Every structure is written in C-alpha cells, then in structure tokens.
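Remember, it's 1-based here, ligands and their atoms both numbered in the order they're listed. Bear in mind that the values here come from a model prediction, so they are computed numbers and not experimental data.
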Amino acid sequence: MKTKEDFIERVLYTEEEIATRVKEISAQISEDYKDIEKPLLTVGILNGAVMFYTDLVRRVSIPVHFDFMIASSYDANTHTSGKVNILKNLDNDPKGRDILLVEDIVDSGTTMNYLVEYFKDKGANSVKVCALLNKPSRRKIDVDVDYCGFEVPDEFIVGYGLDFAQHYRNLPYLGILKRSVYSK
Ligand code: IMP
Ligand code: MG
C-alpha cells in the first residue's frame, strides 16, 4: 500500500520549523493585542486552519475566545471559483470585537478579502488576518496579511491541515504535492 509520502514532491517546512515560526507569531499577537478590553476573538477557518489554529492560540498569552467559520471559495480541485460562501458563521456577535481571522493559506485573496469586509460591515472593532502561508504570486484581490507564517512559491501545498480533495491534512509537515497527483 502506498503511504502519504509517496505523493509528496518535497518537504517545504518540517514540524520543528513550523513550531518555531508559530511560537514567534503567537508572541507577536500577544504583544500587539495586550491592551484590548474584551478577549481577542480568534476565528479559525475550517477545515484547513485547524492545526495552525490550535498550535497558535495555545501559545497566545492574552485572553482569547474561540470561534470557527466555514467559508469556501474553492472547488474540490485546485481552481478557485471566485465566489465566497459562508457555510458556517460565527457563534459570537462580531460587533465591537477585535477579530483575528486564522487561515491556512491566502492564495487569490478572495476568501480573506470577503471576510475582512464582511466583519467590518458587521461593526467589528478591528479585523486582522493571520495566515500560515501566503502565496502572493497568485493574488487576484488585494488583502493585508497581518501575520504570515511563510511565503510560499506557486505550488500546491498540503499537510499540517492543508488538503488536496480532503487528502493529506494529517501530514505533520508542509510539503509540495506531486503534480502527477492533480494533472491527471
Ligand atoms: P483564496 O480565496 O483563493 O485565497 O483561497 C484560499 C483557500 O484556497 C485556502 O483556504 C485553501 O483552502 C485553498 N488553497 C489555496 N492554495 C492552496 C494550496 O496550495 N494547498 C491547499 N489549499 C489551497
Ligand atoms: Mg481554506
């Protein structure tokens, strides 16, 4: 039987490299939000951001509240559809809150641009984006990535939560998917 590793072209970031970077971002977030009045509303974008989210928030030293959304601009393949659907919304009222959107990867920018504007419209006190990965070469819509783990090349990346058609999310590292997997 094939293992998950048979589909990986090469490892981009190891478990250890990810952990080191995530700790740095958590420290920066703790510092930047140390004076806010209500707990920081950390919003994980399901499913891809789950691993990043849990590792990140456990290292944040200021009070946080958990919330999650499902938003999709993506088809099952590697082509973005350009339209954003909110399939699961927040449980908290965003009005007056400081919101930190925690996302796996900003690619075309469609999803994050939409969600930032959406929460500003809903009266959030502030909205920032924290993305594990940023692929600026693919940007179609401008979006500020306030906290970024790593800038990555224009390759399809899986692992540490990121999938290809729901596969490979549980790889503990970030790797480039072999092109043969999706160009068949
Ligand atoms: P955007 O709206 O085009 O920025 O798309 C963001 C979403 O596309 C991410 O949350 C991922 O679900 C998906 N995505 C984009 N690039 C990759 C990749 O290289 N690997 C896995 N998922 C990706
Ligand atoms: Mg996603």
Check: Can you tell me if Asn85 and Ser72 form a side-chain donor-acceptor pair at under 3.5 Å?
Finding: no
Notebook entry, point to check: Is it true that Asp163 lies under 4.0 Å from ligand 1, counting heavy atoms only?
Noted result: yes
Notebook entry, point to check: So, the side chain of Lys178 versus the backbone of Asp6: is there a donor-acceptor pair under 3.5 Å, distance only?
Noted result: yes
Margin query: Would Asn89 and Met69 count as a side chain to side chain contact (heavy atoms under 4.5 Å, CB included) here? Give the steps.
Written below: CA-CA 5 Å; Asn89 211 327; Met69 292 185 91; 3.5 Å; yes
Check: Among Asn134, Ile157, Asp107, whose heavy atom sits nearest atom 20 (N) of ligand 1?
Finding: Ile157
Next item on the list: Over 60° means perpendicular and under 30° means parallel, so classify the ring planes of Tyr147 and Tyr33, tilted if in between.
Entry: tilted
Notebook entry, point to check: So is Arg138 in contact with ligand 1, going by heavy-atom distances below 4.0 Å?
Noted result: no
Next item on the list: Return a yes/no value for Gly109: is any of its N or O atoms, backbone included, closer than 3.5 angstrom to an N or O of ligand 1?
Entry: yes
Next item on the list: Give the numbers and elements of all ligand 1 atoms closer than 4.0 Å to a heavy atom of Asp104.
Entry: 9 (C), 10 (O), 11 (C), 12 (O)
Next item on the list: Run the numbers for me: atoms of ligand 1, each under 4.0 Å from some heavy atom of Leu162, listed by number.
Entry: 20 (N), 21 (C)
Margin query: Please determine whether any non-hydrogen atom of Lys135 lies less than 4.0 Å from an atom of ligand 1.
Written below: yes
Next item on the list: Within a distance under 4.0 Å of any heavy atom of Glu155, pick out the atoms of ligand 1 and give their elements.
Entry: 19 (O)
Check: Transitively linked via ILVMFWY side-chain contacts under 4.5 Å: Ile141 with Val116?
Finding: no
Next item on the list: Please work out which of the three classes, parallel, tilted or perpendicular, describes the rings of Tyr53 and Phe66, given edges at 30° and 60°.
Entry: perpendicular
